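Along the sequence shown, the residues carry numbers beginning at 1. Note that this is a predicted model, so its numbers are computed, not measured. Just follow the structure's listing: the first ligand is 1, and inside any ligand the first atom is 1. Heavy atoms only: backbone and side chains are in, while hydrogens, waters and symmetry mates are out.
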Amino acid sequence: AELAARLNSQLDAFDPAVLDLARTARRVAVLSGAGVSAESGVPTFRTPETGLWSRYSPQELATPEAWEDDPAVVWSWYVQRARMVRGVQPNAGHRALARWAQDVELTISTQNVDDLHERAGSRVLSHLHGSLFEFRCESCERPADRWQIGELRLDAPVDTDPQPLEPPECLECDARIRPGVVWFGEALPWDAFEAAEQSMTEADLVLVIGTSGIVQPAASLPLAALGLGVPVVEINPEATEFSAYADYTVRLPSGTALPLMMA
Ligand code: BV8
């Protein structure tokens, strides 16, 4: 009875139209942000840094300026985040999206640099901001060698007392290897952005999941759908910069909302 009561209160968070849209949609386009990984224990960009990185905010660390200023501190942040992601599991929200994709054409464009959508079984159409598990030469763009990545021991537990770590050098041109992510001030991969935009315009339902809608140009992608009259649903326990544009908002964590939408 208590579970039924809880379920009913959660279902109250849904406008009935949202459940109808989820039931009838054939082409679903998802834009996900750090919130979809929050229930897996991956900190969002809002979480202040501690220890070695405490003098920076995440927004400051994810910039070419920080990389030039202190490459070993920035490099160790990315290695640590990759290890942390390896140490957690996809959550019920990631898994619900992977299951839904078996019944409908579902495309995921994510702002996240983790691989939790993939590990839940989803094929990700666009990593708009790159990936924690891609590394390339900052000069000739050659991908880092497998043995160089092996040396980072990404499957090891996170360091309890992390130290600055010198980035490896490119085997071709001796320049530094850098994280394969898009820093603030850097252009997004054009093909990924275009594919994401196209998925929004071809969808019959757009879900904006776990993003504060602050970071551009990713946050504007769903507007392409709105312009065409495609219904846009925001799934986020909090109101965001995007909420005013959404046709519907579901004020629940994605790990709760998404399985209920598949039911
Ligand atoms: C570009 C990869 C131009 C790195 C990331 C003024 C000055 C300088 C720049 C700008 C400016 N104004 C605009 C800009 C552009 C800038 C920008 O948007 N800045 C913002 C801060 C104002 N954008 C850029 O610089 C982009 N590039 O514009 O280039 C250009 C063009 C041509 C040629 C050259 C240059 C590049 C942006 C990409 C930055 N890289 N990540 C890394 O990860 O280390 S972005 C990073 O922050 C994340 O990827 C994420 O997308 C973003 C935001 O992080 P969070 O806030 O944590 O996450 P999110 O926003 O998703 O919020 C969490 C949400 O989840 C919350 O709403 C919360 O309520 C919700 N939530 C919590 N729990 C749950 C939940 N939801 C559901 N379920 C739950 N359980």
Side-chain angles (χ1 to χ4, degrees), residues 10 13 30-49 53 56-67 71 73-82 84-85 88 90-97 108-117 124 126-136 178-194 196 207-222 233-246 249-261:
Q10 286 163 353
V30 170
L31 172 68
S32 69
V36 80
S37 297
E39 289 160 273
S40 296
V42 179
T44 68
F45 261 56
R46 299 273 173 283
T47 317
E49 289 302 328
W53 309 289
Y56 287 99
S57 78
Q59 266 88 352
E60 289 163 344
L61 274 165
T63 62
E65 292 73 22
W67 171 248
V73 167
V74 173
W75 181 255
S76 59
W77 186 54
Y78 281 96
V79 171
Q80 194 78 332
R81 283 172 66 196
M84 183 269 298
V85 167
V88 302
N91 64 58
H94 295 110
R95 292 196 301 272
L97 289 175
I108 297 177
S109 300
T110 187
Q111 302 172 83
N112 298 338
V113 291
D114 66 49
D115 60 352
L116 296 180
H117 280 304
V124 168
S126 297
H127 265 281
L128 295 162
H129 296 157
S131 165
L132 281 174
F133 302 101
E134 305 279 327
F135 301 90
R136 67 173 188 273
R178 61 161 282 174
V181 299
V182 179
W183 281 325
F184 287 101
E186 293 188 322
L188 275 62
W190 187 240
D191 50 345
F193 188 81
E194 274 207 323
L207 303 183
V208 180
I209 309 174
T211 181
S212 57
I214 293 171
V215 175
Q216 297 299 346
S220 299
L221 278 166
V233 178
E234 176 185 61
I235 298 173
N236 193 321
E238 292 166 22
T240 70
E241 298 269 314
F242 188 77
S243 301
Y245 299 102
T249 56
V250 178
R251 289 281 172 258
L252 285 174
S254 46
T256 304
L258 288 166
L260 287 173
M261 288 172 77

Which atoms of ligand 1 have any heavy atom of [X] under 4.0 Å away?
{"X": "P253", "result": "78 (N), 79 (C), 80 (N)"}
{"X": "G33", "result": "61 (O)"}
{"X": "A62", "result": "44 (O)"}
{"X": "V113", "result": "2 (C), 43 (O)"}
{"X": "T44", "result": "57 (O)"}

Can you confirm, on distance only, whether ligand 1 has an N/O atom lying under 3.5 Å from any N/O atom belonging to [X]?
{"X": "G185", "result": "yes"}
{"X": "A34", "result": "yes"}
{"X": "T240", "result": "no"}

Quick one, [X] and [Y] - any side-chain contact, counting heavy atoms below 4.5 Å?
{"X": "L31", "Y": "F242", "answer": "no"}
{"X": "V36", "Y": "H117", "answer": "yes"}
{"X": "Y245", "Y": "V208", "answer": "no"}
{"X": "N236", "Y": "R251", "answer": "yes"}
{"X": "T240", "Y": "S243", "answer": "yes"}
{"X": "V88", "Y": "L116", "answer": "yes"}
{"X": "N112", "Y": "H129", "answer": "no"}

Pick whichever of [options] has a heavy atom sitting closest to [atom].
{"atom": "atom 15 (C) of ligand 1", "options": "E234, E241, Q216, R251", "value": "Q216"}
{"atom": "atom 2 (C) of ligand 1", "options": "V182, V215, I235, I214", "value": "V182"}
{"atom": "atom 44 (O) of ligand 1", "options": "E186, H129, R81", "value": "R81"}

Give the residue and atom name of whichever protein heavy atom lies nearest to [atom], and the separation in Å to one decimal.
{"atom": "atom 49 (O) of ligand 1", "result": "Q111 O, 2.8 Å"}
{"atom": "atom 71 (N) of ligand 1", "result": "G35 CA, 3.5 Å"}
{"atom": "atom 56 (O) of ligand 1", "result": "R46 NH1, 2.8 Å"}
{"atom": "atom 78 (N) of ligand 1", "result": "S254 N, 2.9 Å"}
{"atom": "atom 60 (O) of ligand 1", "result": "S212 OG, 2.4 Å"}
{"atom": "atom 80 (N) of ligand 1", "result": "E39 OE1, 2.8 Å"}
{"atom": "atom 57 (O) of ligand 1", "result": "F45 N, 2.3 Å"}
{"atom": "atom 64 (C) of ligand 1", "result": "G210 O, 3.5 Å"}

Should the proximity of [X] to ligand 1, defined as any heavy atom under 4.0 Å, be assigned to the side chain, the backbone, both, or neither?
{"X": "A38", "value": "side chain"}
{"X": "A187", "value": "both"}
{"X": "L188", "value": "side chain"}
{"X": "T211", "value": "both"}
{"X": "Y78", "value": "side chain"}

- Item | Name of the residue among T44, N91, D114, T110 meeting side chain to side chain donor-acceptor pair (under 3.5 Å) with S37 |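 Running side chain to side chain donor-acceptor pair (under 3.5 Å) over T44, N91, D114, T110 with S37 returns exactly one hit, D114.
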
If I take atom [atom1] from residue [X] and atom [atom2] from residue [Y], how far apart are they, to the nearest 0.5 angstrom?
{"X": "Q111", "Y": "T211", "atom1": "CD", "atom2": "OG1", "value": "3.5 Å"}
{"X": "M84", "Y": "S40", "atom1": "CE", "atom2": "OG", "value": "10.5 Å"}
{"X": "L221", "Y": "Q216", "atom1": "CG", "atom2": "CD", "value": "9.0 Å"}
{"X": "H127", "Y": "F133", "atom1": "NE2", "atom2": "CZ", "value": "9.5 Å"}
{"X": "I209", "Y": "L258", "atom1": "CD1", "atom2": "CG", "value": "4.5 Å"}

- Query: Is G255 in contact with ligand 1, taking contact as a heavy-atom separation below 4.0 Å?
  - Reply: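 Per 4.0 Å heavy-atom rule, G255 does not contact ligand 1.
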
- Query: Can you find a non-hydrogen atom of N236 under 4.0 Å from ligand 1?
  - Reply: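 Distance cut 4.0 Å: N236 passes for ligand 1.
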
- Query: Just to confirm, does any protein heavy atom lie below 4.0 Å from atom 12 (N) of ligand 1?
  - Reply: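 False for atom 12 (N) of ligand 1.
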
- Is atom 9 (C) of ligand 1 less than 4.0 angstrom from some protein heavy atom?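 So atom 9 (C) of ligand 1 lacks protein heavy-atom neighbours under 4.0 Å.
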
- With ring pair (Phe, Tyr, Trp, His ring centres under 6.0 Å) as the test, would you mind laying out the steps for W67 and Y78 before giving the verdict? CA-CA 11 Å; W67 171 248; Y78 281 96; 8.2 Å; no

- Query: With under 30° as parallel and over 60° as perpendicular, where do the rings of F193 and W190 fit, or are they tilted in between?
  - Reply: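 F193 vs W190 ring planes: parallel.
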
- Query: Between the side chains of W77 and E49, is a donor N or O closer than 3.5 angstrom to an acceptor N or O?
  - Reply: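 Per modelled atom types, W77 and E49 side chains form a pair under 3.5 Å.
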
